[in-house]
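Each remark here refers to the structure printed beneath this line.
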Amino acid sequence: MITSTSSSQVKHIVNLQKKSKLRKEEKQFVVEGIKMVSEAPKDRLVKVYVSETFKADNEEFLKKMDYEALGKDILEAVSDNVFIRMSDTQTPQGIMAVVKMSEITIEDLFGRDMHINSNTIQPLLLILENLQDPGNLGTIIRMAEGAGVTGVIMSCNTVDIYNPKTIRSTMGSLYRVPVIYVDDICEAVEECKQKGIRVYAAHLKGTDNYNVKDYTQPTAFMIGNEGNGLTDKLTDKADELVRIPMQGKVESLNAAIACTILTYEAVRQRL
C-alpha cells in the first residue's frame with residue numbers, strides 16, 4: 001500500500017491530472033469514479049488505484065472486475081489521505097485509473113458507419129474548431145454517442161479532451177466515440193470532402209435554416225469557438241453555411257446546444 005504523498009506514482013498521477021503536455025507525451029490519462037473506471041476498456045487499462053477505505057468496502061466489486069487477470073501489479077491500494085492528494089475531485093469516490101488513449105487516424109473515421117435499429121447509416125461527423133470550455137466539449141462527446149456520431153475531428157487548439165473536467169462531462173462516452181486532433185483543420189475538411197462527405201458550417205451568415213437541408217448522405221457539421229465562432233478560413237472550406245433561427249436578441253447558441261440541434265436533425269432524417 002502506498003502511504004506517502006512523496007511516492008513517485010502519486011506524483012505521476014498528480015502531474016497527469018494537471019499537465020496536458022504530459023498526457024500527450026505518454027498517451028495516457030486519468031479517470032475517476034466507479035462508472036468511469038468500470039467502463040474503461042480492459043485492454044487500455046494501465047493501473048487502477050483504490051483508497052484503503054474503498055478497498056475494504058468494495059471487495060465484491062473489485063472481485064467482479066477481476067483486475068488481477070490483467071496483471072498482478074495493475075491494482076494498487078493507497079491510504080485515504082494519499083488518494084485525496086491524487087484526486088482531482090472535491091469528493092473522491094476512492095477509485096481511479098490510468099488509461100491509454102485510443103489511437104486512430106482521420107482515415108479511420110471515413111470508413112465508419114453507424115448502426116441504428118440494425119440499419120447501416122452514412123458517416124456523421126462533427127468538426128470542432130478552437131472550443132475552449134472543457135464542460136462544453138464533454139457535453140458534445142456525450143451527445144455524440146447518443147446521436148450515433150461516427151467521429152469527432154478537433155483542431156489542435158481545441159481544449160484537451162483528456163482534461164479531468166472534460167472526462168467527467170463525457171460520462172463514459174469518451175471511450176466509445178472516435179475522437180481525433182488534427183494539426184490542420186482546413187486540410188482535414190478537404191479530406192472529408194474528397195471522401196464524399198458534405199460539410200455544413202453553422203454560421204450567422206447562413207442563408208438557409210438548418211432543417212431544410214438533406215443530411216441523409218455522408219455529412220459533417222462544423223462548430224466554432226464559443227465566443228468567436230468559426231474562423232473565416234475554415235468557413236470558406238464549407239460546402240454550405242446553415243443557420244439556426246433565433247428569436248429575441250440572441251445571436252448564437254452554446255456550442256454544445258448548436259451541435260445537438262444540427263446532429264439530431266440528421267438523425268431524425270435518417271431514421
Side-chain angles (χ1 to χ4, degrees), residues 16 20-31 36 39-41 43-44 99-115 121-167 169-202 218-226 230-231 233-234 237-238 255-256 258-260 262-263 266:
L16 270 181
S20 177
K21 182 179 179 181
L22 181 62
R23 293 193 290 268
K24 291 175 182 176
E25 289 175 351
E26 299 194 356
K27 296 183 179 180
Q28 297 178 356
F29 59 100
V30 180
V31 299
M36 290 301 299
E39 291 185 7
D43 61 343
R44 288 167 55 191
V99 183
K100 296 176 186 176
M101 297 179 183
S102 62
E103 295 189 48
I104 63 171
T105 67
I106 192 168
E107 287 291 333
D108 293 329
L109 300 184
F110 298 144
R112 286 179 177 270
D113 292 324
M114 64 179 180
H115 303 276
I121 308 299
Q122 301 281 9
L124 179 61
L125 303 176
L126 293 176
I127 300 171
L128 310 178
E129 183 188 32
N130 194 25
L131 265 64
Q132 295 300 298
D133 183 81
N136 225 6
L137 179 57
T139 299
I140 289 172
I141 300 303
R142 185 180 179 187
M143 179 281 299
E145 182 183 13
V149 166
T150 56
V152 179
I153 302 171
M154 297 171 287
S155 63
C156 60
N157 53 359
T158 290
V159 64
D160 185 5
I161 199 167
Y162 299 106
N163 175 304
K165 184 176 180 181
T166 308
I167 290 171
S169 297
T170 69
M171 295 293 288
S173 294
L174 178 60
Y175 299 135
R176 298 175 290 273
V177 177
V179 298
I180 186 172
Y181 284 91
V182 292
D183 293 328
D184 190 330
I185 193 75
C186 290
E187 183 179 305
V189 171
E190 285 296 335
E191 289 186 54
C192 288
K193 293 163 70 174
Q194 290 169 12
K195 294 295 183 179
I197 298 171
R198 193 156 186 82
V199 180
Y200 296 87
T219 299
F221 294 115
M222 299 197 303
I223 300 291
N225 174 268
E226 291 89 347
L230 292 165
T231 60
K233 185 178 180 181
L234 187 59
K237 296 291 183 181
C259 268
T260 303
L262 294 170
T263 304

Exercise. Could you tell me whether a side-chain N or O of Glu129 sits under 3.5 Å from a main-chain N or O of Thr231, the two making a donor and an acceptor?
Key: yes
Quiz item: If you round to the nearest 0.5 Å, how far is CD of Gln194 from CD of Glu187?
Solution: 9.0 Å
Quiz item: Is it true that the side chains of Ser169 and Thr166 contain a donor and an acceptor less than 3.5 Å apart?
Solution: no
Quiz item: Between the main-chain N or O of Val199 and the side-chain N or O of Lys237, is there a donor-acceptor pair closer than 3.5 Å?
Solution: no
Quiz item: How long is the span from the CG atom in Leu128 to the CD1 atom in Ile185, to the nearest 0.5 Å?
Solution: 7.5 Å
Quiz item: Under 3.5 Å, side chain of Tyr175 to main-chain N/O of Met36, donor-acceptor pair present?
Solution: yes
Exercise. With rounding to the nearest 0.5 Å, note down the distance linking CG in Leu124 to CG in Leu262.
Key: 10.0 Å
Self-check item: From Leu131 atom CG to Ile140 atom CD1, the distance as rounded to the nearest 0.5 Å
Solution: 5.0 Å
Practice problem: For Glu26 and Lys100, indicate whether the former's side chain and the latter's backbone hold a donor-acceptor pair under 3.5 Å. | Solution: no
Quiz item: For the residue pair Ser102 and Arg44, what are the closest heavy atoms and their distance?
Solution: N-NH2, 3.4 Å
Quiz item: Between Asn225 and Asn130, is there a donor-acceptor pair closer than 3.5 Å when you use the side chain of the first and the backbone of the second?
Solution: yes
Self-check item: Expected output: side-chain Arg23 to main-chain Phe29 donor-acceptor under 3.5 Å
Solution: no
Exercise. Enter the distance from Leu174:CG to Met101:CE here, rounded to the nearest 0.5 Å.
Key: 9.0 Å
Exercise. Look at the side chain of Arg198 and the backbone N and O of Thr219, then say whether any donor-acceptor pair between them is shorter than 3.5 Å.
Key: no
Quiz item: Are any side-chain N or O atoms of Gln132 and backbone N or O atoms of Glu226, one a donor and one an acceptor, separated by less than 3.5 Å?
Solution: no
Quiz prompt | Close side-chain approach of Lys233 and Cys186, heavy atoms under 4.5 Å | solution = yes
Quiz item: What salt bridge (Lys or Arg N to Asp or Glu O under 4.0 Å) pairs are there with at least one residue in residues 133-145, not counting sequence neighbours?
Solution: Glu145-Arg176
Quiz item: At what distance, to the nearest 0.5 angstrom, does NZ of Lys165 lie from OG1 of Thr170?
Solution: 13.5 Å
